[in-house]
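A quick write-up on the structure given underneath.
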Amino acid sequence: MTTSAAADPVAQTGGERRIIVMIGAPGAGKGTQAERLAAELDLPHISTGELFREALTSDDPLGDKVRSYVESGALVPDAVVVEVVGHRLAEHDADHGVILDGFPRTCAQALALDEMLERFESVAIAALYVEVNPELLLARLTGRRICSKDDQHLYHVTAMPPKREGICDIDGAELYQRADDSADTVKSRLDKQLPPMYEVIDYYADNKVLFSVRGDNPAEEVTADLLRALGASRAA
Ligand code: AP5
């Protein structure tokens, strides 16, 4: 991606940044873990999926660009995603680094991220792959429930249930199910999104910043393993 400096949001900021990339299949637990790492490391959690869902429920014209892809479980075109991430990374809360959840998802996105980071003399310091047995993913996604007040409050009907059915433990709001968590759309997401994800994993393995952890352990253990991996990468 090449843009002029004047119009380039990334070029307008600088300084040291800890860029941590979270990779995993749909439902692997990236969002759950990114939220925990963000709190632990005091870095913002940027989820491309959430940015798209916000656009879909507001007047943002981005919503029209991404709607058909998100609803059908396909990947949003690289150029659209890269532009959105470029603008988000230029916000000041990202000055010291970010946890990127769900980006990059293709090699073209990984290359574009490297190009963006190069402009402020930074690199992705760790790519954390949350690896889950594919057989678990359908149950994880169809059982997911989300707080209607704060979508960072995540539950699962059996694995991580709220204390009161259908109600968020933290703020008492109702829980809902994401539209793309229906069984049919989940199958389509897995079919379309797993092959490019494996290419991204190879990309970061070649760059020697890939760390894999088992994501089918209890969430607390996964977090501890991720923090150990980050410690090993001297990133934390
Ligand atoms: P996005 O929102 O990123 O969806 P996703 O990748 O499919 O990931 P999910 O949010 O579904 O799952 P997760 O891995 O975060 O798991 P979670 O922690 O919630 O993207 C949505 C759409 O946007 C995409 O389909 C695509 O169209 C588009 N898009 C986004 N980024 C894009 C990009 N870069 N390029 C192109 N298109 C893009 O956990 C799942 C469930 O499991 C929860 O119920 C949770 O409570 C439970 N759980 C989590 N951990 C555990 C555990 N250890 N044990 C038991 N249960 C657990």
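Residues: numbered from 1 along the sequence shown. Start at 1 and go down the list; that is how both ligands and their atoms are numbered.
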TODO: Please identify which atoms of ligand 1 are closer than 4.0 Å to at least one heavy atom of Gly102.
DONE: 31 (N), 32 (C), 33 (C), 34 (N)
- [ ] Just let me know how Pro104 lines up against ligand 1, side chain, backbone, both or neither, with a heavy-atom cut-off below 4.0 Å.
- [x] neither
Task: Protein heavy atom at shortest distance from atom 1 (P) of ligand 1 - done: Arg105 NH2, 3.6 Å
TODO: List every atom of ligand 1 that sits less than 4.0 Å from any heavy atom of Pro218, numbering the atoms from 1 in the order shown and giving each element.
DONE: 53 (N)
Open item on the list: Need the ligand 1 atom indices (1-based, order shown) with element for anything under 4.0 Å from a heavy-atom of Ala25.
Closed with: 14 (O)
Open item on the list: If we ignore hydrogens and angles and just use 3.5 Å, is the side chain of Thr57 paired with the main-chain N or O of Arg53 as donor and acceptor?
Closed with: yes
- [ ] State plainly whether one hydrophobic cluster holds both Ile146 and Leu56, where clusters connect Ile, Leu, Val, Met, Phe, Trp and Tyr through side-chain heavy atoms under 4.5 angstrom apart.
- [x] no
Open item on the list: Against ligand 1, does Glu221 come closer than 4.0 Å with any heavy atom?
Closed with: no
Task: Which atom of Ala28 lies closest to which atom of Leu137, heavy atoms considered - done: N-CD2, 3.8 Å
TODO: Establish whether Leu194 and Leu75 are linked, either directly or via other cluster members, by ILVMFWY side-chain heavy-atom contacts under 4.5 Å.
DONE: no
- [ ] Around atom 50 (N) of ligand 1, find the nearest protein heavy atom and jot down its residue, atom name and distance.
- [x] Arg140 NH1, 3.7 Å
TODO: Provide, to 0.1 Å, the distance between atom 16 (O) of ligand 1 and the closest protein heavy atom, together with that atom's residue and name.
DONE: Gly29 N, 3.1 Å
TODO: Would you please say whether a donor-acceptor pair under 3.5 Å links the side chains of Gln193 and Arg105?
DONE: yes
Open item on the list: Please confirm whether Pro77 approaches ligand 1 to less than 4.0 Å, judged on its heavy atoms.
Closed with: no
TODO: Please write down residue, atom name and distance for the protein heavy atom closest to atom 15 (O) of ligand 1.
DONE: Gly31 N, 2.8 Å
Open item on the list: Using heavy atoms and a 4.0 Å limit, tell me yes or no: is Gln193 in contact with ligand 1?
Closed with: yes
TODO: Go through ligand 1 atom by atom and flag the ones less than 4.0 Å from a non-hydrogen atom of Gln109.
DONE: 33 (C), 34 (N), 35 (N), 36 (C)
Task: Pairs where residues 194-209 contributes a residue and the test side chain to side chain donor-acceptor pair (under 3.5 Å) is met, not counting sequence neighbours - done: Asp114-Tyr203
- [ ] Report yes or no: does Lys192 contribute a side-chain atom to a donor-acceptor pair with the main-chain N or O of Gly73 at less than 3.5 Å?
- [x] no
Open item on the list: Please report whether ligand 1 has a polar contact with Gln33, defined as an N or O pair separated by less than 3.5 Å (distance criterion only).
Closed with: no
Open item on the list: Can you confirm whether more than 12 heavy atoms, excluding those of Gln177, are under 6.0 Å from its CD atom?
Closed with: yes
Open item on the list: Tell me if a side-chain donor or acceptor on Arg140 pairs with a main-chain N or O of Gly27 at a distance below 3.5 Å.
Closed with: yes
Open item on the list: With a 4.0 Å cut-off on heavy atoms, is Ala28 in contact with ligand 1?
Closed with: yes
Open item on the list: Suppose we measure from atom 27 (O) of ligand 1 to each protein heavy atom; which comes out shortest, and what is that distance?
Closed with: Ala74 O, 2.6 Å
TODO: From the options Ala219, Gly215, Ala159, Ala34, select the one whose nearest heavy atom is closest to atom 55 (C) of ligand 1.
DONE: Ala159
TODO: Identify whether Val222 and Tyr155 are in the same connected component of the hydrophobic contact network (ILVMFWY, side-chain heavy atoms under 4.5 Å).
DONE: no
Open item on the list: Please state which option from Glu71, Arg144, Arg67 has its nearest heavy atom closest to atom 19 (O) of ligand 1.
Closed with: Arg144
Open item on the list: Which of the numbered atoms in ligand 1 are under 4.0 angstrom from any heavy atom belonging to Thr48?
Closed with: 30 (C), 31 (N), 32 (C), 34 (N)
Open item on the list: Give me the residue, atom name and distance of the protein heavy atom closest to atom 7 (O) of ligand 1.
Closed with: Arg189 NH2, 2.6 Å
Open item on the list: Looking only at distances, can you tell me whether any N or O atom of Gly24, backbone or side chain, sits closer than 3.5 Å to an N or O atom of ligand 1?
Closed with: no
Task: No-hydrogen, no-angle side-chain donor-acceptor test under 3.5 Å, His45 and Ser47 - done: no
Open item on the list: For atom 44 (O) of ligand 1, what is the closest protein heavy atom, and at what distance to 0.1 Å?
Closed with: Tyr155 O, 2.7 Å
- [ ] In plain terms, say whether Arg189 and Asp181 are close enough for a salt bridge, that is, a side-chain N and a carboxylate O under 4.0 Å apart.
- [x] yes
Open item on the list: Heavy atoms only, cut-off 4.0 Å: how does Val81 contact ligand 1, side chain, backbone, both, or neither?
Closed with: side chain
Open item on the list: What verdict does the side chain to side chain contact (heavy atoms under 4.5 Å, CB included) test give for Glu131 and Arg214, after you've listed the backbone C-alpha separation in whole Å, the side-chain angles of each residue and the deciding distance to 0.1 Å?
Closed with: CA-CA 5 Å; Glu131 191 174 3; Arg214 291 292 338 159; 3.8 Å; yes
Open item on the list: Which option wins on minimum heavy-atom distance to atom 21 (C) of ligand 1: Arg36, Gln177, Arg53?
Closed with: Arg53
Task: Cluster overlap Val76 with Leu62, hydrophobic side-chain contacts below 4.5 Å - done: yes
TODO: Would you check whether Val130 reaches within less than 4.0 Å of ligand 1, judged by its heavy atoms?
DONE: no
- [ ] Can you figure out which of Thr142, Thr32, Asp180, Leu136 has its heavy atom closest to atom 45 (C) of ligand 1?
- [x] Thr32
TODO: For residues Pro44 and Asp93, report the shortest heavy-atom separation together with the two atoms involved.
DONE: CG-O, 3.1 Å
Task: Which residue and heavy atom of the protein sit nearest atom 8 (O) of ligand 1, plus the separation - done: Lys30 NZ, 3.2 Å
Task: Test side-chain hydrogen bond (donor to acceptor under 3.5 Å, both in side chains) applied to Ser182 - qualifying residues, sequence neighbours left out - done: Thr185
Task: Under 4.0 Å to a heavy atom of Leu141 - the qualifying atoms of ligand 1, by number - done: 11 (O)
